[in-house]
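Okay, structure first, notes after.
Just follow the structure's listing: the first ligand is 1, and inside any ligand the first atom is 1.
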Amino acid sequence: MKQVTEAVPFIAFGGDYNPEQWSEEVWIDDAEKMQKAGVNLVSVAIFSWGVLEREEGVFDFSWLDKVLDILHDHGIGVCLATATASTPAWLSAKYEDVAAIDPNGQPYRFGSRQHYSPNSPTYQKAVKKLVRKLAERYRDHPALKMWHINNEYACHVAECYSSYSKAAFRDWLKDRYETIGNLNDRWGTNFWSQRYNDWEEIDLPVNLATFYNPGQMLDYKRFMNDSLFNLYKIEKEILREVTPDVPVFTNFMYEFKPLDYFDWARELDVVTWDAYPDPRDGIPYSFALQHDLMRSLKQGQPFILMEQVTSHVNWRDINLTKKPGIMRLWSYSTIGHGGDGIMFFQWRQARAGAEKFHGAMIPHSNSEESRAYREVKQLGSELKKLDSLVGARTPAKVAIVFDWENWWAVEMEGKPHNKLDYMEQIKRYYKVFYDRNIAVDFVRAQDDLSPYEMVIAPMLYMIKPGDAENFEQFTDNGGTLVISFFSGIADENDRIHLGGYPAPLRKVLGLRVEEFVPYADEHANTIVYNGRKVKNSTWADIIELEGAAAIAYYENEWYKGKPAATCYRYGSGKSVYIGTNPEAAFLENLLGGLLKEKQIDSPLDAPPDVEVLQRDTDQHKHLIIVNHNDHEVELKLNKGVVYTDLLADEQIENTVRAGALDVKILRF
Ligand code: GLA
């Protein structure tokens, strides 16, 4: 199989292209405008099933043949989609069992998109036929660079309650647990008389009188993730067989809860994702987090941003427009965080359909003078100068543990506090590093932690076999481990780890949590840290020290004077436990101190709201300096180093200036 950097040996630039919505004359206009704008890659046929297979078994590839030829003649490569993201009307009309069933037992109707059930054998059979046809037809087409499988799996329909899904769930459980006795044990079914004698007695967790069985619900979430993943694998297998050299991917969406992207990424040749931060949120640090997560899914391999919008989407209540320069600026932030491609939804703004008011690279005016096209063209010409960045890696010494199964489990009902928000906790810790321009990778607790000097595990409620030992080894070898409240509580079946909270982590943390004290929304307390007072909210752990030293205390309430945060020397490293949700100043101070101890610093000192990101290859290092301010900034460069400003094509030393909403890319 070709490496992605061989298939696309430049910064990918282009977007979703839906030529079937336009006439043939427009295709030529498209290709010419693409060429002028520096477009080198487009995703074609994502929603084309209905025009490729017009009736069952009646295929028409003539239009796609022409489109691919035109694109190739203009030097534009293609991520060819497998067109399975939306089924044609004839399929749904003829085979009702293609539809997914909603929680009320109702089938999703035809007329929108993504209404299929992943467990429908009819859908799977039709998919296999179409994908094989496409692969066999285009296997040797010179425009084919990569396969774009389906589209944003689960973006609209992430659950299905059909009889097929029920049968598949039972099979999935048999595979996982082997005996019904084992399942009863894992799900704790002696509670509320939930014991099963036979697999056939097991139903999907829907329409229940009250609280669900947490083990069952967690497994249903895993099962739905696996059902969708299986669809992807069905397509991938055919593509690999017919076109073994062509890389494959599907497009992810941000930190999307229903799908465990760490799991999926193993089967993708490149991670690609679709990003739509809301311009009203200001400087998008959560966007930066999403990039870092995407880069981490394949252990640092650069990702491709498969979709973003030039100006505005059409699916928010009010769709704010990115002001001039923002699309370019955010594109460079993407590249700085590990992006090897900047693609858009979509090339040409649609005339009809639900997305006709969604921005595009060419707006309705079709004018080369439009702001969207001018900005696209500028970016396209600049990206051509960045070939040396392709494949470049982000050096990170800090990792944050992020685990989808933990996310599912910690936010399921019946907890001491039922408004805990896992992502919010992750973001609070991430922001400390983001603000300091310290690169962060995301990892799972089972991953190799040896590349890192600091590992943060916020709210890691679920501890799986081997996780605690991995943390112990990391700390023993000199690492700094930071863990926050409500961690180490449950196993992978959401059963409590007995032996005093957080049982598996007591050894590495040197403490025991005697009790949880969740706070009402309006409640806050104060903790005292280094003689300073800071607010805490949400939760207080009542901590009993077992070797660890208290570094912060609660100031009030019946647990006044009890430790709120602790530190413990373990092997040649140390572990820090934060038993509450402290205000940001505390995290900045504490984590800032830990970074200092480890001498982990940003690549350059920078004023606020300036990102300084580093990406290295064997040959070069690069600094990507992204100025989100409305004014110019100046940064001191490292002494004695001569940098090449890649966009200006000039050498600089000592200082660098980045204008308002501007970027500098320095190679050294
Ligand atoms: C998603 C889809 C696209 C399009 C865009 C609109 O990312 O993949 O097909 O609907 O949203 O923002």
With a 6.0 Å cut-off (strictly less than), is the heavy-atom count around [atom1] of [X], excluding the residue itself, greater than 12?
X: Arg280; atom1: CZ; answer: yes
X: Glu6; atom1: CD; answer: yes
X: Lys298; atom1: NZ; answer: yes

Between Asp226 and Arg222 (salt bridge meaning N to carboxylate O under 4.0 Å), is one present in this structure?
no
Pocket residues around ligand 1 (non-hydrogen, under 4.0 Å) come out as Phe47, Arg113, Asn151, Glu152, Asp274, Tyr276, Glu307, Trp315, Phe345, Glu355, His358
Could you list all the ring pair (Phe, Tyr, Trp, His ring centres under 6.0 Å) pairs where at least one residue sits in residues 27-58, not counting sequence neighbours?
none
Tell me whether the rings of His358 and Phe345 are parallel (<30°), tilted (30 to 60°) or perpendicular (>60°).
perpendicular
